[in-house]
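Each residue takes its place number in the sequence, starting with 1. Note that the structure is a prediction, hence the values are computed from the model and not measured.
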Amino acid sequence: SGFPSVLRNGLSKLGISNEILDFLFKWAVDLDKDYPKIPEAKGKINAIRSEPFFIPLYELYLTYGGIFRLTFGPKSFLIVSDPSIAKHILRDNSKAYSKGILAEILEFVMGKGLIPADGELWRVRRRAIVPSLHQKYVAAMISLFGEATDRLCKKLDAAAFYGEDVEMESLFSRLTLDIIGKAVFNYDFDSLTNDTGIVEAVYTVLREAEDRSVAPIPIWEIPIWKDISPKQKKVAAALKLINDTLDDLIAICKRMVDEEDPQFHEEYMNEQDPSILHFLLASGDDVSSKQLRDDLMTMLIAGHETSAAVLTWTFYLLSKEPIVMSKLQNEVDCVLGDRFPTIEDMKKLKYTTRVINESLRLYPQPPVLIRRSLEGDMLGKYPIERGEDIFISIWNLHRSPNLWDDADKFIPDRWPLDGLNPNETNQNFCYLPFGGGPRKCVGDMFASFEAVVAVSMLVRRFNFQVALGAPPVGMTTGATIHTTEGLKMTVTQRTRPPIMPKLEKTTFEVDESTSGPEGE
Ligand code: HEM
């Protein structure tokens with residue numbers, strides 16, 4: 001590390017305040033003169049407004065490389081698209097970074113929940129929450145995924161029957177909301193069937209979080225604005241409704257736990273209510289109800305839009321690659337037939353899993369990770385100061401022509417079916433759909449299985465095509481990548497596909513629209 005940075009960190013550890021250090025080290029930049037300077041790209045604000053911001057960042061990456069600085073007037077950001085620098089920030093020196101701007105933007109909805117939290121609070125909450133997502137819990141969730149997907153299938157049956165096109169993005173959003181509500185705090189949003197006030201409130205808050213994350217000026221921080229802006233009033237009312245609902249759910253769950261025989265152990269799970277909330281309360285998690293609410297809200301949001309986006313882009317990709325689709329359907333016909341998936345099937349649905357892996361490569365959710373340096377550090381050969389805002393572009397890593405063959409192509413078997421499931425460790429931080437290091441997603445297994453269950457059940461029953469005359473599927477972004485105008489699809493029932501035992505060679509009726517080349 002650069003000498004001034006090392007010195008500064010040493011002094012900081014001796015308890016000298018940051019204000020004094022900032023004053024003393026103003027000259028340190030000059031001492032760092034021997035070090036190379038981070039390449040600087042001049043920001044073109046206009047370019048950044050008209051398309052999702054990670055697209056111009058990709059263009060700049062191709063010009064300036066794995067780390068560069070982007071400056072807008074007084075603000076500047078470091079854009080990182082280099083696997084070894086990403087590994088350094090996320091894993092090897094993760095304690096030197098906080099969530100920075102992200103925590104500031106999400107404060108109004110997540111408070112000090114697990115995603116924005118930093119330091120000791122984060123450590124304590126992470127230690128409390130991670131055990132709740134144990135093996136037995138995830139296995140129990142498989143049937144929840146199946147039941148929820150089955151409700152979606154019934155809706156699609158009707159659409160297929162009447163020949164009505166469906167907008168899949170909003171249906172996936174409802175599917176994953178129903179799932180995460182039950183999974184996290186045992187609440188049935190039932191949003192696939194009903195539009196209740198609470199469902200609308202969740203969407204109001206989500207849209208606001210996304211608006212704030214792309215807004216140039218934080219007008220919601222202006223004191224009077226909060227009270228007179230109709231939009232802000234609506235947001236406040238929505239937040240109150242959700243918070244009150246969460247408080248009720250916490251109270252109900254507390255009563256259940258009090259009446260239980262307290263037999264808490266590592267894989268504890270209440271069969272009637274396997275939710276994360278129930279686990280936390282039964283574990284005697286010593287936490288304020290505000291903090292508990294913040295954590296529940298964080299998981300609601302973290303597990304909802306991300307999963308919905310994965311399903312949306314997976315079906316979009318499948319609609320463009322009929323050969324992949326028929327291989328996928330072939331596997332599902334062999335492994336599942338019309339059964340609901342079980343935890344054992346997760347190991348067998350190898351190609352389905354690769355389809356999800358590859359969809360997450362092409363459409364990572366979120367497309368960038370946000371950090372702020374808490375102390376001086378070295379990023380590659382460059383020294384950086386405390387207080388740098390950093391965007392790690394997962395989009396760039398996942399689509400880099402230097403790291404991938406045919407980077408823009410949807411090729412699920414780029415990872416051998418019998419090999420390891422790709423993750424940040426075995427792909428050396430070139431592939432990090434769930435982040436990496438100590439702040440890696442706690443719901444990675446949950447989310448992967450959720451997507452595998454939903455995709456397998458849907459493609460078993462239906463064929464999907466982008467609807468004729470549908471608007472082109474463009475990208476827009478908040479926290480996750482959305483479509484600009486939805487994903488309008490024509491859904492048709494597959495003519496009852498046979499259940500095919502894997503090794504038996506029989507002749508069988510081929511579904512007309514899936515008569516691509518043979519599967520494996
Ligand atoms: C963190 C992705 C589903 C809960 C993260 C991070 C990523 C991610 C990339 C790291 C963020 C960062 O380092 O700044 C995804 C994707 C999902 C998904 C792509 C779906 C396909 C879920 C689900 C849950 C969840 C279902 C809850 C059950 C969390 C939490 C964190 C997190 C609590 C913060 C962890 C911490 O900071 O210690 N997720 N996630 N995620 N995710 Fe997920």
**OP:** Side-chain contact test, heavy atoms from C-beta onward, threshold under 4.5 Å: evaluate it for Leu239 versus Glu208 and give yes or no.
**Re:** no

**OP:** In plain terms, say whether Asp247 and Arg293 are close enough for a salt bridge, that is, a side-chain N and a carboxylate O under 4.0 Å apart.
**Re:** yes

Subject >> CG on Leu292 to CG on Leu281, rounded to 0.5 Å >> reply: 6.0 Å

Original post:
Does some side-chain heavy atom of Phe391 sit less than 4.5 Å from a side-chain heavy atom of Leu78?
Top reply: no

**OP:** Can you measure from OG (Ser289) to CD1 (Ile250) and round to the nearest 0.5 angstrom?
**Re:** 6.5 Å

Original post:
About how many Å separate CD of Glu375 and CG of Leu21, when rounded to the nearest 0.5 Å?
Top reply: 11.5 Å

**OP:** Applying side chain to side chain donor-acceptor pair (under 3.5 Å), name anything that partners Glu267, two or more places apart in sequence or on another chain.
**Re:** none

**OP:** Determine, using ring centers only, whether His134 and Phe279 are less than 6.0 Å apart.
**Re:** yes

Subject >> Approximate separation, where rounding is to 0.5 Å, of Asp82 CG and Ile89 CD1 >> reply: 9.5 Å

Original post:
When you measure from the side chain of Gln232 to the backbone N and O of Pro230, does any donor-acceptor pair fall under 3.5 Å?
Top reply: no

Subject >> Contacts of type side chain to side chain donor-acceptor pair (under 3.5 Å), residue Arg414, not counting sequence neighbours >> reply: Glu358

Original post:
Would you find a donor on one side and an acceptor on the other, under 3.5 Å apart, between the side chain of Arg126 and the backbone of Leu121?
Top reply: no

**OP:** Scan residues 233-242 for pairs that pass side chain to side chain donor-acceptor pair (under 3.5 Å), counting only residues two or more places apart or in two chains.
**Re:** Lys240-Asp244

Original post:
Mind checking whether Tyr431 and Asn357 have side chains closer than 4.5 Å, heavy atoms only?
Top reply: yes

Subject >> Residues, nucleotides or ligands: over 12 heavy atoms within 6.0 Å of Glu200 CD >> reply: no

**OP:** State plainly whether the residues Arg255 and Glu259 are in salt-bridge range, i.e. N to O under 4.0 Å.
**Re:** no

Original post:
Would you say the side-chain atoms of Thr483 and Glu169 include a donor-acceptor pair closer than 3.5 Å?
Top reply: yes

Original post:
For the residue pair Tyr268 and Phe264, does the interplanar ring angle fall in the parallel (under 30°), tilted (30 to 60°) or perpendicular (over 60°) class?
Top reply: tilted

Original post:
Any Lys/Arg nitrogen of Arg8 or Asp22 sitting under 4.0 Å from an Asp/Glu carboxylate oxygen of the other?
Top reply: yes

Original post:
Which residues pass the side chain to side chain contact (heavy atoms under 4.5 Å, CB included) test with Ser94, sequence neighbours left out?
Top reply: Pro438

Original post:
Do you see a donor-acceptor pair shorter than 3.5 Å between the side chains of His482 and Glu210?
Top reply: yes

Subject >> Asp178, Val184, Thr176 screened by side chain to side chain contact (heavy atoms under 4.5 Å, CB included) with Ile180, the one that passes >> reply: Val184

Original post:
Side-chain contact, heavy-atom cut-off 4.5 Å: Trp313 with Leu362?
Top reply: no

Subject >> Working for side chain to side chain donor-acceptor pair (under 3.5 Å), residues His398 and Gln427 >> reply: CA-CA 11 Å; His398 285 191; Gln427 303 293 300; over 6 Å; no

Original post:
For Trp122, what residues pass the side chain to side chain donor-acceptor pair (under 3.5 Å) criterion, not counting sequence neighbours?
Top reply: none

Which side-chain N or O atoms in residues 299-312 pair as donor and acceptor under 3.5 Å with protein atoms at least two apart or in another chain?
unit_1 : atom_1 : unit_2 : atom_2 : d
His304 : NE2    : Ser173 : O      : 2.9
His304 : NE2    : Ser173 : OG     : 3.3
Glu305 : OE1    : Arg207 : NH2    : 3.1
Thr306 : OG1    : Ala302 : O      : 2.4
Ser307 : OG     : Gly303 : O      : 3.4
Ser307 : OG     : Glu450 : OE1    : 2.9
Thr312 : OG1    : Ala308 : O      : 2.9

**OP:** Report yes or no: does Asn423 contribute a side-chain atom to a donor-acceptor pair with the main-chain N or O of Thr425 at less than 3.5 Å?
**Re:** yes

**OP:** State plainly whether the residues Lys95 and Asp118 are in salt-bridge range, i.e. N to O under 4.0 Å.
**Re:** no

Subject >> Flag for Ser373-Arg386: side-chain donor and acceptor within less than 3.5 Å >> reply: no

Original post:
Side chains of Met141 and Phe145: does their closest heavy-atom pair fall under 4.5 Å?
Top reply: yes

Original post:
Can you pull the ring-ring contact (aromatic ring centres under 6.0 Å, His included) pairs that have at least one residue in residues 79-103, sequence neighbours excluded?
Top reply: none

Original post:
Donor-acceptor pair, Arg354 side chain versus Trp415 backbone, under 3.5 Å?
Top reply: yes

Using a 3.5 Å cut-off and no angle test, enumerate the donor-acceptor pairs between side-chain atoms of residues 55-67 and protein atoms at least two apart in sequence or in another chain.
unit_1 : atom_1 : unit_2 : atom_2 : d
Tyr58  : OH     : Arg399 : O      : 3.0
Tyr61  : OH     : Ser400 : OG     : 2.7
Thr63  : OG1    : Glu59  : O      : 3.2

Subject >> Residues in ring pair (Phe, Tyr, Trp, His ring centres under 6.0 Å) contact with Phe429, at least two apart in sequence or another chain >> reply: none

Original post:
Side chain of Gln365, backbone of Ile481: donor and acceptor closer than 3.5 Å?
Top reply: yes

Original post:
To the nearest 0.5 Å, how far apart are CD1 in Ile411 and CG in Asp406?
Top reply: 4.5 Å

List the atom pairs, with distances to 0.1 Å, where a side-chain N or O of residues 101-112 and a protein N or O form a donor-acceptor pair under 3.5 Å, not counting sequence neighbours.
unit_1 : atom_1 : unit_2 : atom_2 : d
Glu104 : OE2    : Arg372 : NH1    : 2.9
Glu104 : OE2    : Arg372 : NH2    : 3.4

Original post:
Looking at residues at least two apart in the chain, or sitting in another chain, which of them share a side chain to side chain donor-acceptor pair (under 3.5 Å) with Ser275?
Top reply: Asp273

**OP:** With rounding to the nearest 0.5 Å, note down the distance linking OG in Ser76 to CG in Asp389.
**Re:** 8.0 Å

**OP:** Measure up the Tyr363 and Tyr316 rings against each other and bin them: parallel (under 30°), tilted (30 to 60°), perpendicular (over 60°).
**Re:** perpendicular

Original post:
Does a side-chain N-to-carboxylate-O contact under 4.0 Å join Lys182 and Asp188?
Top reply: no

Original post:
side chain to side chain contact (heavy atoms under 4.5 Å, CB included) with Glu266: which residues, sequence neighbours excluded?
Top reply: none

